[in-house]
Amino acid sequence: MNADGPGTAIAATTLDLTIGGMTCASCALRVEKSLNKLDGVTATVNFATEKAHVTYTRPVAEIDLLDAVAATGYTAALPLRPSPSGSSPAAAPVVDEAAALRTRLVVSTVLTIPVVLLAMIPALQFTYWQWASLALASPVVVWGALPFHRAAWTNARHGAATMDTLISLGVGAAYLWSLWALFLGHAGEAGIRMSFTLLPEQGSGVDEIYLEVASAVTVFLLAGRYLEARAKRRSGAALATLLDLGAKDVAVLRGPGRHEARIAVTDLQVGDLFLVRPGEKVATDGVIIEGASAVDASLLTGEPMPVEVGPGDAVVGATLNAGGHLTVRATRIGADTQLAAIAALVADAQTGKADVQRLADRVSAVFVPVVLVLSLITLGAWLAVGAGAATAFTAAVAVLIIACPCALGLATPTALLVGTGRGAQLGILIKGPQVLESTRRVDTIVLDKTGTVTAGRMSVVAVHPTAGTTTSDVVGTAGAVEHLSQHPIAQAVAAYATSDGSALEPVTGFVDHDGRGVTGVVGTRAAAVGRRRWLADEWALIAPDGLAAAAEAAESRGQTPVWVAWDGAVRGIVVVADSVRATSAEAITELRRLGLRPMLLTGDNTRAATAVAAEVGIDPGDVMAELLPTDKVAAVKALQASGAVVAMVGDGTNDAPALASADLGISLGSGTDVAIEASDLTLVRGDLRLAADAIRLSRATLRTIKGNLFWAFAYNVLALPLAAFGLLNPLIAGAAMAFSSVFVVTNSLRLRRFQPWTR
């Protein structure tokens, strides 16, 4: 796989394996431990998704990964790779787990019903009814419970015990006891009668059979396993739907004559021109070359209203063209598209493990051996007090069956599957399960201003040159230098400079001074464009009184003056303004309702920042202005040092350090790739209300996980003593165990109904 030597470090490589045969959290933990024993490999195995997320920093042959999984008794499959043409290979036929379980469940149920009725209702017990029960129960125990027996045997060959071990032992013991009683005891004689009781009865056991226990427990557990399989499939449905959003084929324009040809989307290349007709999906990320329309991105971003687009605007693959004809140039394809990036973020979040799940894994690892020992102790204790073999056996079997830790293994991953999938549908991307813990603890949220609280669509509203300087000189010089910066204010100035068709002069020696300003040589002018304080402190340039008054008046209106200087003197200001997002004030209200303290951090001037804060409802004392990127980091750390748990919301490259420093980083998907990479939560569309919804969803997911774990732990803690003290019939134990697993899965599915606050 890699030509490097065995000890050579390589860049971190990730791979997702599909794991087959796992039935509980302890299975997943065994596979995880086996993979982590390989040199340079770090693996996380998720029981609910049946995936192993493998990261390795040293050359590892794929066959070694597969062998490591096989050594634990399970199977592993590599991800499908694209064919040379770029299309995906056909998937190998796969037996649907839920369908196979349904067949076993239906057949076993039909055979088990008469067995249970015969055991529970003495009036139905005809002569030699017990032999009819044996004939009906045997296929259920042997064939119906085969998945449990097979898994138990596989684990036993590898020196391990899992929940299947408990099930197989419990069902097998009940069946073998019945065979002994029928063939060697008195249970097979004519005239034997039985009645059902919730509590075990005292007796010798030679005339007791447990065929109804062996068959009914099998049916209950098959029902639980079947419902789990269906629910797990539904849990991951959001991600599957997301992956299926994209177009399958596209009309491309080829050659000088732009001849139209229909090709598969997988054959698109960067730079290709393609058509998007009304009602069609945009095939991939690109830029509009010709045409105007409205694009509906609701399936991808949750944004309910179509967005008007035209030449020069970017469009995202999988969005729907709701209007006119568009000609688009492809800029990203395949795994580089926004849809693929969203799907990857969701998949990564679903594969990871929260701290609470790691606790459940540790418990599951020791739980099964402890239960086996406890079952033997129960058997011995009842025999020691002279209660009789039947009572001792019944209690021991009840312990085996009631204690299966299925619910522990499903409690966390199913909630993560549903929660992160629902978030993706709403335009909220949760990077990993650790984020959930952070949202619970956050009490302070600091917001960037430009592009976050405001729309980030800056425009020039006034130009004030000094005496002897023309407006065109100020605008042309500022626009030429600002054109090389990516800051929204800089781009607004550059756009204004070329709005009348003027060409920008070339710039040499361009330098970006970390949010304070930019410098460069425009023609023969050594120009500096940026903040007033920076010009004064760095260049000793003093603003004329008249210009200072104009700047102060602009700041009082919430506008931003950009100072322009060249050749050792201030030459004028370009005043730009931004509009506050229509939803920002409502978002601040929602954040306060969550118990958060909103604060505004910005590099803009104090007056403009205070005006924006007042408009959206942030207290004046919670505004920090004129901050450099390093100052934002320092502000976040100062808040943390004072005891606050800080979330940061931003969209620009200059926000990335603060996003990474915060306890919870939230980026707007409309922002830069650097900001998105540095954050923990990404909001696909630029609506600040999504920040409140993201925190609510994360907290709801965490509450669901904790509720699931409480039920799973409490169930075992309460039920095990009842079983050990002979207060639980194995039949009831099997039903209760199956119900516990179904409960945590259905409880997790409630997250599918999560809705944003009423708008």
Side-chain angles (χ1 to χ4, degrees), residues 112 115-116 118-122 130 133 137 141 145 148 161 163 165-182 184-187 192-221 224 367-407 711-740:
T112 297
V115 175
V116 173
L118 285 171
M120 295 178 66
I121 305 174
Q130 61 271 46
S133 292
V141 172
F148 308 117
M163 63 161 270
T165 306
L166 302 180
I167 295 171
S168 183
L169 284 175
V171 170
Y175 183 71
L176 292 174
W177 178 285
S178 301
L179 291 180
W180 175 78
L182 285 169
L184 301 178
H186 304 298
I192 291 293
R193 293 290 184 268
M194 284 180 58
S195 60
F196 178 79
T197 60
L198 290 177
L199 303 181
E201 292 182 332
Q202 300 286 338
S204 64
V206 293
D207 58 352
E208 298 285 341
I209 62 174
Y210 293 92
L211 293 173
E212 82 284 1
V213 171
S215 55
V217 165
T218 298
V219 168
F220 286 140
L221 298 178
F367 195 74
V368 172
V370 167
V371 169
L372 289 172
V373 172
L374 182 59
S375 179
L376 292 174
I377 292 174
T378 300
L379 179 67
W382 278 106
L383 291 174
V385 298
T391 301
F393 170 78
T394 303
V397 169
V399 168
L400 286 175
I401 294 172
I402 199 69
C404 296
C406 322
W711 169 259
F713 277 115
Y715 161 82
N716 282 295
V717 168
L718 293 174
L720 270 174
L722 291 176
F725 284 105
L727 300 176
L728 204 60
N729 188 293
L731 195 77
I732 305 301
M737 196 283 286
F739 173 76
S740 70

Answer yes or no: is there a donor N or O on one side and an acceptor on the other, between the side chain of Trp177 and the main chain of Leu211, under 3.5 Å?
-> no
Please name all residues satisfying side chain to side chain contact (heavy atoms under 4.5 Å, CB included) with Ser375, sequence neighbours left out, ordered by chain then number.
-> Ala396, Val399, Leu400
What is the distance from atom CG of Leu374 to atom CG of Leu379, rounded to the nearest 0.5 Å?
-> 11.5 Å
Which pair of non-hydrogen atoms, one from Trp382 and one from Gly726, has the smallest distance, and what is that distance?
-> CZ2-N, 3.6 Å
Report the residues that fulfil side chain to side chain contact (heavy atoms under 4.5 Å, CB included) with Val373, sequence neighbours left out, ordered by chain and then residue number.
-> Ile377
Could you pull out the closest heavy-atom pair between Val141 and Ser215, with the gap in Å?
-> CG2-N, 4.4 Å
Under 3.5 Å: donor-acceptor pair, side chain of Gln130, backbone of Ala187 = yes
Of all the heavy-atom pairs spanning Val115 and Ala137, show the shortest one and how long it is.
-> CG2-N, 4.1 Å
Taking every heavy atom of Ala216 against every heavy atom of Val116, the minimum-distance pair comes out as CB-CG2, 3.9 Å
Throw together a table of side-chain donor-acceptor distances under 3.5 angstrom for residues 166-174, partners on residues two or more places apart or in other chains.
{"unit_1": "Ser168", "atom_1": "OG", "unit_2": "His149", "atom_2": "ND1", "d": "2.8"}

